[in-house]
Q: 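Quick one: the structure is below, questions incoming.
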Amino acid sequence: MKKVSLFLLSFVFLAATSGWGLEKGPAGPGPKTKCPVCGMFVAKYTDFLAKVTFKDSSSDYFDGSKDMFRYLLNLKKYSPRKEQADIGNLQVTDYYSLTLIDGLKAFYVFGSDVYGPMGKELIPFEKEAEARAFMKDHQGKRVLRFQEVSNTLLGSLD
């Protein structure tokens, strides 16, 4: 009995750590994937990549958080067949770690001297302390949470 259990445990561990037999998620934007807001090819700008994934597993990629917010705040314009309720999750790229983080929980620095692919940008961070330190180092004006971003605020970044 122990040999069978040990074998089964080893098999499960091997499958889990190697990815064998498990579905893999999308690898990211392809070389021809365009931002639905500005039309830029997003694969060139992975340091600023943002992503909206819908409950039907479809995704839209953006060349920065600013365009992701424009899209979300004007969803009917950019994706007429989608609704807010269709959104599964949002991810943005943390400025320091360059990893995708939860866009709803991120801290965004507004008004810094760091520019993204489309100019002035909302710079995302997973940790508030890092956002505040960045804001001081790069003349940022405010640290914002997801709910604080508006069309008016985005307009001031143009």
Side-chain angles (χ1 to χ4, degrees), residues 12-112 114-132 134-135 140 142-158:
V12 169
F13 176 77
L14 178 64
T17 57
S18 69
W20 178 75
L22 302 175
E23 284 187 48
K24 294 183 180 181
K32 295 190 181 209
T33 302
K34 290 184 178 182
C35 172
V37 174
C38 69
M40 288 177 66
F41 292 106
V42 296
K44 295 179 181 182
Y45 307 103
T46 57
D47 289 357
F48 290 90
L49 187 73
K51 178 182 176 185
V52 173
T53 304
F54 294 95
K55 292 176 183 172
D56 66 3
S57 298
S58 64
S59 298
D60 280 316
Y61 292 91
F62 308 87
D63 55 347
S65 300
K66 178 174 64 176
D67 277 355
M68 179 194 73
F69 278 106
R70 281 202 170 107
Y71 177 88
L72 293 171
L73 291 167
N74 300 286
L75 190 58
K76 286 295 175 200
K77 174 181 177 182
Y78 296 110
S79 193
R81 293 192 171 124
K82 302 285 187 184
E83 296 185 21
Q84 296 290 332
D86 297 328
I87 297 171
N89 69 36
L90 309 170
Q91 295 176 296
V92 293
T93 302
D94 178 271
Y95 184 76
Y96 287 137
S97 70
L98 298 178
T99 59
L100 287 174
I101 60 172
D102 186 337
L104 294 173
K105 295 179 181 177
F107 297 87
Y108 299 90
V109 175
F110 167 78
S112 77
V114 172
Y115 285 49
M118 291 293 294
K120 294 179 183 176
E121 185 62 78
L122 293 169
I123 308 296
F125 295 88
E126 186 170 29
K127 297 175 183 165
E128 183 177 11
E130 289 181 350
R132 296 212 177 274
F134 174 90
M135 184 176 73
R142 290 175 55 197
V143 173
L144 303 167
R145 298 309 305 264
F146 180 86
Q147 313 82 277
E148 296 176 279
V149 179
S150 67
N151 278 319
T152 302
L153 185 125
L154 294 173
S156 68
L157 292 173
D158 292 331

Q: Closest heavy-atom contact between S65 and P124?
A: OG-CG, 3.4 Å
Q: Where is the tightest heavy-atom contact between V42 and F62, given as atom of each residue plus distance?
A: CG1-C, 3.5 Å
Q: Compare every heavy atom of T93 with every heavy atom of L100, then report the nearest pair and how far apart it is.
A: CD2-OG1, 3.5 Å
Q: Just verifying a value: how many Å separate S59 OG and N89 CG, rounded to the nearest 0.5 Å?
A: 8.0 Å
Q: Is it the case that R145 places NZ or CZ above or below the six-membered ring of Y108, under 6.0 angstrom from the centre and within 45 degrees of the axis?
A: no
Q: Looking at every non-hydrogen atom in both residues, tell me the closest pair between L153 and S156 and how far apart they are.
A: O-OG, 2.6 Å
Q: Within the structure provided, determine whether F110 and L122 are in side-chain contact (heavy-atom separation under 4.5 Å).
A: yes
Q: Could you tell me whether R70 and D158 make a salt bridge, using a distance below 4.0 angstrom between a side-chain N and a carboxylate O?
A: yes
Q: With a 4.5 Å heavy-atom cut-off, do I123 and F125 have their side chains touching?
A: yes
Q: Give the minimum heavy-atom separation between V143 and E148, together with the two atoms involved.
A: O-OE1, 4.2 Å
Q: So, for K66 and K120, which heavy atoms are closest and what is the spacing to 0.1 Å?
A: NZ-O, 2.6 Å
Q: Over 60° means perpendicular and under 30° means parallel, so tell me whether F146 and F69 are parallel, tilted or perpendicular.
A: tilted
Q: Check the surroundings of atom NZ in K32: do more than 12 heavy atoms from other residues, nucleotides or ligands lie under 6.0 Å from it?
A: no
Q: Can you find a heavy atom in the side chain of F41 that is under 4.5 Å from one in the side chain of D63?
A: no
